[in-house]
Protein chains: 2
Amino acid sequence: MSGDVGDPGLKLDSYLPYRLSVASNAVSGLIARAYEDRFALTVPQWRLLCVLAEDGRLSQVQIVARTVMDKVTVSRAAQGLVKRRLIGRSQNTSDGRSHVLTLTPEGRGLHAEIAPLALAYEAALIAGLAPEEVTLLKRLLGRLQSAAGQLAGEAPSSPSLR
Amino acid sequence: MSGDVGDPGLKLDSYLPYRLSVASNAVSGLIARAYEDRFALTVPQWRLLCVLAEDGRLSQVQIVARTVMDKVTVSRAAQGLVKRRLIGRSQNTSDGRSHVLTLTPEGRGLHAEIAPLALAYEAALIAGLAPEEVTLLKRLLGRLQSAAGQLAGEAPSSPSLR
DNA sequence: CTGCATTAATTAGATACCTAACTAATTATG
DNA sequence: CATAATTAGTTAGGTATCTAATTAATGCAG
């Protein structure tokens, strides 16, 4: 607390990327542990179950575009889910490279079982927040995400990305 | 096979832990790349430089308490910084186990060099946000963090949660 | 029809992180 | 004062993730 600091403008506790990372790690760790302990699912696997439950049939590239996960992460998550018979893969008749992923009945059942738990966690996390605060929070997170994406895409220091 | 979705209440895009994770990954990735590319610093190393620049002399346990990093992460970050002569370690005379970390002049200089860049990134990220939105965002992130900590069974990690 | 670039997906290697186990120094307790 | 219990810090092992390189299928130019 002694004030002899050369950079009064940079305080870690009020630095937004730091606050965002710490909060996200706390929340993600909580959720990840819940899925892992009770259902032996990783977070990427759970996300696959969610998007397939929402959208029906998707290829892996579509999942990569839909979520913001790496294609390797999606590939590994899909392998694990196929092995547990929670999703199925069928050949895409029009494109021999891509496989279409769908939930099996077991996968659908597991998703239906976990979804209330996931919503309960979310409800517990935002219990102290007003609904309009939650709405604003989500909007602000979206703005930060797109701002980060733009800044990363501009690549001020490296004009050649290949 | 239209949208036969059993859980209209769980939409991934509006699920807060997901939004938080995606936004944090985007921002962290941007920042991490900047530190890594230009200064060969990992994020934990940068955080050590920051807290030492702010607080002066700290032991590793104090840094663990101050930031929310794991002690292993702190240990390795400190090793790398010592090797580059950016921080120094001195024996604590009153406790032979603990070492006191301080910035070297080089470390202080590097911190002073990076800090404006870090602040510029933050400014670019929040460029489209009103100041009161930023304030609210930080407060909401703090609330989520402490809520997650409580749900995980921990005590609130830092007494200075404002 | 044939090469050439692109795309979907997997595999491999390197790095980072977390949980545990471990060493060494300190404190508490009998 | 001896010994057990804590604490500071490091090392090790397993796992997850990112970057690159690879395989296989598609589309396009000549």
Side-chain angles (χ1 to χ4, degrees), chain A residues 21-22 24-26 28-33 35-37 40-48 57-83 87-101 152 155 158 160-162, chain B residues 21-22 24-26 28-37 40-48 57-83 87-101 152-154:
Chain A
S21 171
V22 168
S24 175
N25 285 343
S28 289
L30 174 72
I31 302 282
R33 183 155 312 170
Y35 296 159
E36 178 71 29
D37 287 352
L41 285 178
T42 66
V43 167
Q45 286 176 339
W46 167 241
R47 287 185 184 168
L48 256 70
R57 307 164 51 80
L58 292 174
S59 69
Q60 293 185 189
V61 272
Q62 288 175 313
I63 293 176
V64 166
R66 177 77 162 70
T67 65
V68 191
M69 296 188 285
D70 189 78
K71 63 178 178 176
V72 178
T73 305
V74 170
S75 176
R76 290 248 163 79
Q79 287 174 11
L81 293 175
V82 167
K83 204 166 295 178
I87 66 174
R89 334 176 53 180
S90 53
Q91 284 282 345
N92 186 341
T93 52
S94 64
D95 188 334
R97 296 168 296 182
S98 88
H99 307 263
V100 177
L101 306 182
S158 65
S160 67
L161 286 174
R162 292 185 55 120
Chain B
S21 172
V22 168
S24 175
N25 285 343
S28 290
L30 174 71
I31 303 282
R33 179 154 308 181
Y35 297 159
E36 178 72 28
D37 287 352
L41 285 178
T42 66
V43 168
Q45 287 176 337
W46 167 242
R47 286 183 184 170
L48 256 70
R57 307 164 51 78
L58 292 174
S59 69
Q60 295 186 188
V61 273
Q62 288 175 314
I63 293 176
V64 166
R66 176 79 163 66
T67 66
V68 191
M69 297 188 284
D70 189 78
K71 64 177 180 177
V72 177
T73 305
V74 170
S75 174
R76 280 217 265 266
Q79 287 174 13
L81 293 175
V82 167
K83 204 165 296 178
I87 66 174
R89 332 176 56 179
S90 54
Q91 284 282 345
N92 185 342
T93 53
S94 65
D95 188 335
R97 296 167 297 182
S98 89
H99 307 263
V100 178
L101 306 183
E154 296 177 4

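Letters A, B, ... mirror the listed sequences (proteins, then strands); counts begin at 1.
- Neither OP1 nor OP2 of C/dA12 sits under 4.0 Å from any side-chain N or O of A/Arg76.
- Atoms CH2 (A/Trp46) and P (D/dA16) sit 18 Å apart, rounded to a whole Å.
- Take the nearest nucleotide of DNA chain D for A/Ser94 and for A/Pro44: the residue whose nucleotide is more 5' is A/Pro44.
- Phosphate proximity of D/dT10 to B/Gln60: present, with a side-chain N or O under 4.0 Å from OP1 or OP2.
- Once rounded to the nearest 0.5 Å, the distance linking CG of B/Leu48 with CD1 of B/Ile87 reads 6.0 Å.
- Distance B/Asn92 CG to C/dA25 C1': 12 Å, rounded to the nearest Å.
- For C/dT11, one of the phosphate oxygens OP1 or OP2 lies less than 4.0 angstrom from a side-chain nitrogen or oxygen of A/Gln79.
- The shortest non-hydrogen separation linking A/Ala40 to A/Gln45 is O-OE1, 3.9 Å.
- Here B/Leu41 contributes atom CG and B/Glu36 contributes atom CD; the two are 8.0 Å apart, rounded to the nearest 0.5 Å.
- For B/Ile87 and D/dG9, the CD1 to P distance is 12 Å, given to the nearest whole Å.
- Using a 4.5 Å heavy-atom cutoff, the side chains of A/Leu101 and A/Leu58 are not in contact.
- Proximity of residues 64-74 of chain A to DNA chain D (heavy atom under 4.0 angstrom from any strand atom) is restricted to A/Asp70, A/Val72, A/Thr73.
- OP1 or OP2 of C/dT19 has at least one side-chain nitrogen or oxygen of A/Arg33 nearer than 4.0 Å.
- Between the CD atom of B/Glu36 and the P atom of C/dT15 there is a distance of 11 Å, given to the nearest Å.
- Between the side chain of A/Thr73 and the main chain of A/Met69, no donor-acceptor pair closer than 3.5 Å is present.
- Separating the CZ atom of A/Arg89 from the C1' atom of C/dA8 is a distance of 10 Å, rounded to the nearest angstrom.
- Judged by distance alone, with hydrogens and angles left aside, A/Arg97 brings no side-chain donor or acceptor close enough to the base of D/dT26 to form a pair under 3.5 Å.
- Rounded to whole Å, atom C1' of D/dA16 lies 15 Å from atom CG of A/Leu41.
- Every residue two or more places apart in sequence or in another chain was checked for a salt bridge (Lys or Arg N to Asp or Glu O under 4.0 Å) with B/Asp70, and none qualifies.
- Here A/Gln62 does not reach the OP1 or OP2 of C/dA8: none of its side-chain N or O atoms lies under 4.0 Å away.
- Side chain to side chain, A/Ser21 and B/Arg47 meet the donor-acceptor criterion of an N or O pair below 3.5 Å.
- One interatomic measurement links the two molecules: CG of A/Asn25 to P of D/dT17, which rounds to 13 Å at whole-angstrom precision.
- Residue A/Ser75 places no side-chain N or O under 4.0 Å from the OP1 or OP2 atom of C/dA9.
- Distance, A/Asp95 CG to D/dA24 C1': 11 Å, rounded to whole Å.
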